[in-house]
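Keep in mind the model is a prediction, meaning the values are calculated, not measured. One-based numbering, in listed order, for ligands and for the atoms of each. Keep in mind that the numbers below use all heavy atoms, side chains included, and drop hydrogens, waters and symmetry copies.
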Amino acid sequence: MLNSRKPLSPFSIVIFGATGDLTHRKILPAFYALAQQGLLPEQFHIIGFARRDWTDETFRAEMQHSVEQFGRIKFDAAEWDKFAANLHYHRSDFDQADGYPRLCELLDRLGSPAADNRLFYLATPPEAYPTIVQQLGAAGLNHSEHGWTRIIIEKPFGRDLQSGVALNQQVHEVFAEEQVYRIDHYLGKETVQNLIVFRFANAIFEPIWNRNYIDHVQITVAETVGVESRAGYYDTAGVGRDMLQSHLLQLLTLTAMEPPYAFDARALRDEKVKVLQALHPIRPTDTLPAQYIGYRNEKGVAPKSQTPTFAAVKLAVDNWRWQGVPFFLRSGKQLADKTTEISIVFKRPPHSLFPLAPDELLTPNALTLCIQPDEGMHLRFEAKLPGAGMQRQTVDMDMNYAQDFNGAPLPEAYERLLLDALQGDAALFTRSDEIELAWQAIDPVIHAWETGAVPLFFYEPGSWGPYEAAKFLGEDRGWRGHCGDFDEA
Ligand code: BG6
């Protein structure tokens, strides 16, 4: 819980890429929300590091605009003025050697104790990461004499196994792994953390969370948006690098992992790593890449682009618990609805006492964890339809965040993750071996797509993907949609 944490010590955060989209939309609004909840210490500094010719005043005015536009907490001018006094701007190119000693001087001027605890946040295009890391090292900013030094690195962390490994090496030349916080913002979502609580703070689900009771698992991250203004990046990334390697595999590991011995960074990440190690190499034929019609006309997209904006992938976790249980992952842009959900679909009853129509099967039980936007959980089961006879109807048992937690707004993922990094808790950040194993799993898939070994399909914007996706799960199985409300297929 955000509001039952130990108070933070004074700190300074340096945001590289302070004029960029992420700082505007996520980082600064998250800091403002933390301040308004009373979660920031008395003394802190937020230093924007970027190329643009801005001053402290410009930075403050720009950030005010962002907080007004994107903040989840109501803007208050007097509160803002208090908060904005902690914002500073440091102008420098990322590869400008004197920019870093000047940053040291600025930190010295800001003074102890806030300047002793330093968090560097790389919110720049990924090409700049190695330069910044190396410059921080050269200026001796990778450690602090009287406090701690940490670094947050945004995704994408590399664009394949080779570059992911190389980046890990570059980072480790300057920072120890314990100082490194690789963000996957899905881990900051309340409902994703609830998956851990749900699995391991209840006794009744664990005994059935395995191949004896579960038929298959579905993980869907569907978006209605297209590539928006990010075509330059997206066309070289596609759904494989943008979503599968990170968010979907993270959801998979939390669903499939063994109980960690404690909720701490080492125990949790060790268990997630074991799932990635147990992944059966994905067969290209178990994947279905597709592109929405009209994608090639988007500004910044190559006219003959083969980049998939949708993919369905079938995975197997080769261990005792999950033998024979397929995991179906799907993600796409320009789909019919925005929904992120994990469905555990159980085996059908082995025999029906009740008359069934020809070809009719009993509906399997399913537990759906709705990650967003209608945060909650749904357990689907069969009930007797009131009246004569023994007719059945499928019904739902619901847990709903808005109802069950008095409509309290959920904190943004970035609020939680920033607090954790400031507190030195890396449990919800990705470790170096995890990143590399995730690339190892997805690389061959992306390679098969890029070389045309698997054909690219096309789909109508606003649909649930290509027609072929409906059949992807095989006979007698359909994708769950709208947080378990119905089966599409
Ligand atoms: C980002 C991807 O990591 O996650 C985007 O780069 C995607 O393409 C976004 O839209 C989805 O995040 P959320 O929190 O809206 O589900």
Side-chain angles (χ1 to χ4, degrees), residues 17 20-27 29-30 33 70 72 121-127 129 152-159 164 181-195 219-252 254 289-292 295 298-301 305 307-311 329-342 369-375 401 409-418 428-430 435 438-439 442 446 461 465 482-483:
D21 216 40
L22 189 70
T23 310
H24 280 282
R25 284 173 183 266
K26 298 289 182 189
I27 305 175
F70 303 114
R72 80 171 174 92
Y121 195 130
L122 306 196
T124 63
E127 306 79 77
Y129 296 169
I152 296 185
I153 305 182
E154 268 292 334
K155 85 176 243 295
F157 197 92
R159 55 173 281 109
Y181 291 71
R182 297 173 194 78
I183 276 207
D184 182 312
H185 79 277
Y186 265 58
L187 296 178
K189 290 182 192 278
E190 276 295 323
T191 42
V192 173
Q193 292 153 44
N194 181 49
L195 175 55
I219 302 179
T220 294
V221 181
E223 298 185 275
T224 49
V225 292
V227 286
E228 299 178 298
S229 56
R230 300 160 71 224
Y233 149 75
Y234 193 87
D235 204 34
T236 61
V239 66
R241 295 189 174 92
D242 189 47
M243 301 296 287
L244 275 181
Q245 187 269 349
S246 49
H247 307 325
L248 278 101
L249 283 190
Q250 287 296 325
L251 296 179
L252 170 93
L254 293 175
Q291 189 183 79
Y292 65 81
Y295 170 73
E298 302 267 16
K299 196 163 166 256
V301 170
S305 172
T307 302
T309 57
F310 170 98
L329 274 46
R330 107 184 129 153
S331 180
K333 294 209 180 274
Q334 287 267 8
L335 295 181
D337 213 350
K338 177 166 175 75
T339 178
T340 298
E341 55 192 80
I342 302 170
L369 292 103
C370 188
I371 306 296
Q372 61 183 20
D374 301 319
E375 291 86 357
Y401 273 68
L410 295 180
E412 270 281 321
Y414 277 85
E415 292 172 34
R416 166 71 192 227
L417 295 175
L418 284 167
L428 299 177
F429 293 84
T430 321
I435 285 276
W439 279 124
I442 298 299
I446 295 178
H482 289 122
C483 282

**Student:** Using the salt bridge (charged side-chain N to carboxylate O under 4.0 Å, His left out) rule, pick out the option among K26, K189, R72 that qualifies with E412.
**Tutor:**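 Among K26, K189, R72, the one that satisfies the salt bridge (charged side-chain N to carboxylate O under 4.0 Å, His left out) with E412 is K26.
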**Student:** Applying ring pair (Phe, Tyr, Trp, His ring centres under 6.0 Å), can you list everything that pairs with Y292, at least two apart in sequence or on another chain?
**Tutor:**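 Y292 satisfies ring pair (Phe, Tyr, Trp, His ring centres under 6.0 Å) with Y295 once adjacent residues are dropped.
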**Student:** Looking only at non-hydrogen atoms, find the nearest pair between L254 and L195 and report the distance.
**Tutor:**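 Taking L254 first and L195 second, the nearest heavy atoms are CB-CD2, 3.7 Å.
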**Student:** Might you list the protein residues in contact with ligand 1, defined as having a heavy atom under 4.0 Å from one of its atoms, sorted by chain and number?
**Tutor:**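 Its neighbours under 4.0 Å (heavy atoms only) are K155, H185, Y186, K189, E223, R230, D242, M243, H247, K333, K338, Q372, given by chain and number.
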**Student:** So, using ring pair (Phe, Tyr, Trp, His ring centres under 6.0 Å) as the criterion, who are the partners of Y181 when residues are at least two apart?
**Tutor:**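 Result, ring pair (Phe, Tyr, Trp, His ring centres under 6.0 Å) vs Y181: F429.
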**Student:** Can you list the residues that meet the side-chain hydrogen bond (donor to acceptor under 3.5 Å, both in side chains) rule with Q193, with sequence neighbours excluded?
**Tutor:** R416
**Student:** We want to know whether E154 and Y129 form a side-chain donor-acceptor pair, criterion being a heavy-atom distance below 3.5 angstrom.
**Tutor:**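 Per modelled atom types, E154 and Y129 side chains form no pair under 3.5 Å.
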